[in-house]
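Read the structure below first, then the notes.
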Amino acid sequence: MPVNNKTVKQYFSQKIVEWHKKHNKRKMPWKEEKDPYKIWLSEIILQQTRVEQGTAYYNRFVNQYPTVKHLAEAKDEEVFKLWEGLGYYARCKNLLASARFINKNGGIFPQKYEDVLALKGVGNYTAAAIVSFAYNQPYAVVDGNVSRVLARFFGIKTAIDGTAGKKLMHSLAHELLNKKQPGKFNQAMMDFGATICKPKLPLCASCLLQSKCFALKHHKINELPVKEKKTTLTNRWMYYLIATYKNGVYIHKRTAKDIWQNLHEFILIESGKKLSEPQLLQHPLIKKFAPGSNPALKVSKEFSQKLSHQRVTGKFIQVTLLKKTTIGDYEWVPKKSIKDKAFTGFINQYLKSLKTL
DNA sequence: AACCCGTGGAT
DNA sequence: TATCCAAGGGT
């Protein structure tokens with residue numbers, strides 16, 4: 001459903017810029033930043049992540065890695081530790097790979113849209129954000145904010161998470177883009193969506209664009225934008241055996257095509273269903289390390305973590321080994337090194353509940 | 001194209 | 001409590 005009213009489009013672009021100049025008070029550490037490295041860093045951190053959640057991570061990364069060279073030369077483990085808790089860990093992996101790629105090629109951040117887009121972890125949105133903010137190139141960003149604003153204002157019923165909807169949003173956003181000040185326009189669009197045209201309870205009464213907004217006029221604020229995807233939640237049960245021997249503990253880095261890649265964990269017993277404590281204690285791994293009825297075996301309370309489409313529930317079982325053993329892919333590491341390794345959120349819930357390991 | 005990948009705040 | 005969803009990208 002293409003939008004073909006030129007007057008309304010001009011009204012939109014003019015009002016968005018006017019709102020930005022007169023009313024936009026939103027402040028963030030990376031605003032007005034012109035260093036493409038720092039802009040890139042902020043954009044990767046902010047992918048599907050709230051500004052309030054990402055800001056502290058951004059500050060820590062910039063502080064620890066002031067240039068792309070610093071990041072490129074850092075050790076994987078150190079960078080993942082700094083990313084720990086932020087989620088979507090493929091972002092961290094791609095961030096490091098791209099930093100090393102840039103550093104290897106002279107350390108100069110790419111300047112062409114196509115070259116920025118070619119970086120791992122950089123898609124349509126992020127490439128447009130970088131080249132518009134850093135170099136003022138005319139590429140329109142389309143994020144959740146922009147899609148919502150456009151769907152509501154222009155009355156677009158095409159699902160914004162489908163191929164047709166994305167295509168339509170990109171062409172419309174590019175058409176509306178102020179080609180003289182693309183960086184400011186893009187910033188205006190996102191800030192307007194985040195602070196005025198919010199997902200729930202948008203501030204229509206004080207909106208500068210209210211006189212020509214389709215959704216407001218037709219009472220479709222809560223119906224737009226349209227999405228087609230529904231997330232399904234699957235349950236998983238993870239029981240962790242924390243096997244210590246002297247001053248060390250057995251851990252492992254997750255590498256399977258699954259959640260939490262590149263994060264560490266203890267000895268995992270996963271089940272497709274909830275296990276009762278007797279069932280759990282019957283497990284071969286438990287019986288192997290805690291033969292007989294072992295009164296020293298400590299079972300924690302139940303922990304649970306909700307991911308975007310999975311819910312992980314489980315417990316932690318502490319057992320002390322009397323001799324060093326070979327356990328599959330798990331390695332024995334000193335307890336004091338635990339704090340330097342990135343663990344899953346589920347495990348960190350448990351670790352934070354302990355005084356010492 | 002459909003599905004997968006985290007975490008936390010708001011309602 | 002359940003649901004939504006946030007400066008998306010990869011496969």
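Predicted model only: the values in this text are computed from it and were never measured. Chain identifiers are assigned alphabetically (A, B, ...) following the order of the sequence lines, protein sequences preceding nucleic acid strands; residue numbering begins at 1 within each chain. Heavy atoms only: backbone and side chains are in, while hydrogens, waters and symmetry mates are out.
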In whole Å, what separates the [atom1] atom of [N] from that of [M]?
N: dA7(C); M: dT11(B); atom1: P; result: 14 Å
N: dG8(B); M: dG9(C); atom1: P; result: 22 Å
N: dT7(B); M: dT11(C); atom1: C1'; result: 22 Å
N: dC5(C); M: dG6(B); atom1: C1'; result: 13 Å
N: dA6(C); M: dC5(B); atom1: C1'; result: 15 Å

[X] side-chain N/O to [N] phosphate OP1/OP2 under 4.0 Å:
X: Gln47(A); N: dG8(C); answer: no
X: Trp260(A); N: dC4(B); answer: no
X: Arg91(A); N: dG10(C); answer: no
X: Ser308(A); N: dC5(B); answer: no

**Prompt:** Are any side-chain N or O atoms of Arg91(A) and backbone N or O atoms of Gly121(A), one a donor and one an acceptor, separated by less than 3.5 Å?
**Reply:** no
**Request:** Name all residues meeting the side-chain hydrogen bond (donor to acceptor under 3.5 Å, both in side chains) criterion together with Glu18(A); count only those two or more places apart in sequence or in a different chain, and write none if there are none.
**Result:** Gln14(A), Lys22(A)
**Qualifying residues under side-chain hydrogen bond (donor to acceptor under 3.5 Å, both in side chains), relative to Asn235(A), sequence neighbours excluded** = Arg311(A)
Looking at every strand, decide which applies to [X] at a 4.0 Å heavy-atom threshold: base, sugar-phosphate, or nothing.
X: Leu86(A); answer: base
X: Ile259(A); answer: sugar-phosphate
X: Glu52(A); answer: nothing
X: Gly85(A); answer: sugar-phosphate
X: Trp30(A); answer: base
X: Met189(A); answer: nothing
X: Glu228(A); answer: nothing
X: Thr231(A); answer: nothing
X: Arg311(A); answer: nothing

**Message:** Can you tell me whether the side chain of Arg50(A) and the base of dC5(C) have a donor-acceptor pair closer than 3.5 Å?
**Reply:**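 Yes, a donor-acceptor pair under 3.5 Å.
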Distance check needed: [N] [atom2] versus [X] [atom1], whole Å only.
X: Gln53(A); N: dG8(C); atom1: CD; atom2: P; result: 12 Å
X: Phe80(A); N: dG6(B); atom1: CZ; atom2: C1'; result: 14 Å
X: Asn145(A); N: dA6(C); atom1: CG; atom2: P; result: 7 Å
X: Arg148(A); N: dG8(C); atom1: CZ; atom2: C1'; result: 15 Å
X: Asn186(A); N: dG8(C); atom1: CG; atom2: P; result: 13 Å
X: Leu307(A); N: dG8(B); atom1: CG; atom2: C1'; result: 12 Å
X: His309(A); N: dC4(B); atom1: NE2; atom2: P; result: 5 Å

**Item:** Tyr113(A) vs Ile130(A) side-chain heavy atoms within contact, under 4.5 Å
**Value:** no
**Message:** Show, in sequence, the C-alpha distance, side-chain angles and deciding distance for Cys92(A) and Asn262(A), and conclude whether the side chain to side chain contact (heavy atoms under 4.5 Å, CB included) test is met.
**Reply:** CA-CA 10 Å; Cys92(A) 184; Asn262(A) 291 298; over 6 Å; no
Nearest of [options] to any side-chain atom of [X]?
X: Asp143(A); options: dG8(C), dA6(C), dT7(B); value: dG8(C)
X: Gln305(A); options: dA1(B), dA6(C), dG6(B); value: dG6(B)
X: Lys200(A); options: dA7(C), dC4(C), dC5(B); value: dC4(C)

**Request:** Using side-chain contact (heavy atoms from CB on, under 4.5 Å) as the criterion, point out the one residue from Val142(A), Asp143(A), Val17(A), Leu150(A) that pairs with Met189(A).
**Result:**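 Single pass found, and it is Leu150(A).
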**Item:** Within residues 117-139 of chain A, residues whose heavy atoms come under 4.0 Å of DNA chain C
**Value:** Lys120(A), Gly121(A), Val122(A), Gly123(A), Asn124(A), Tyr125(A), Thr126(A)
**Request:** Identify whether NZ of Lys or CZ of Arg in Lys212(A) sits under 6.0 Å from the centre of the six-membered ring of Phe214(A) and within 45° of that ring's axis.
**Result:**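 Because its charged atom misses either the 6.0 Å distance or the 45° angle limit, Lys212(A) does not stack over Phe214(A).
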**Request:** Kindly confirm or rule out a cation-pi arrangement of Lys324(A) over Trp332(A), judged by NZ or CZ under 6.0 Å from the six-membered ring centre and within 45° of its axis?
**Result:**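 Cation-pi check for Lys324(A) and Trp332(A): passes.
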**Request:** Report the residue (Lys198(A) or Thr49(A)) whose heavy-atom-nearest nucleotide on DNA chain B is the more 5′ of the two.
**Result:**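 Its nearest nucleotide being more 5', the pick is Thr49(A).
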**Request:** Could you check Lys229(A) against Tyr89(A) and say which one's nearest nucleotide on DNA chain B is further toward the 5' end?
**Result:**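 Final value for this comparison: Lys229(A).
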**Item:** Step-by-step ring pair (Phe, Tyr, Trp, His ring centres under 6.0 Å) determination, Phe266(A) to Phe343(A)
**Value:** CA-CA 9 Å; Phe266(A) 298 109; Phe343(A) 280 82; 5.4 Å; yes
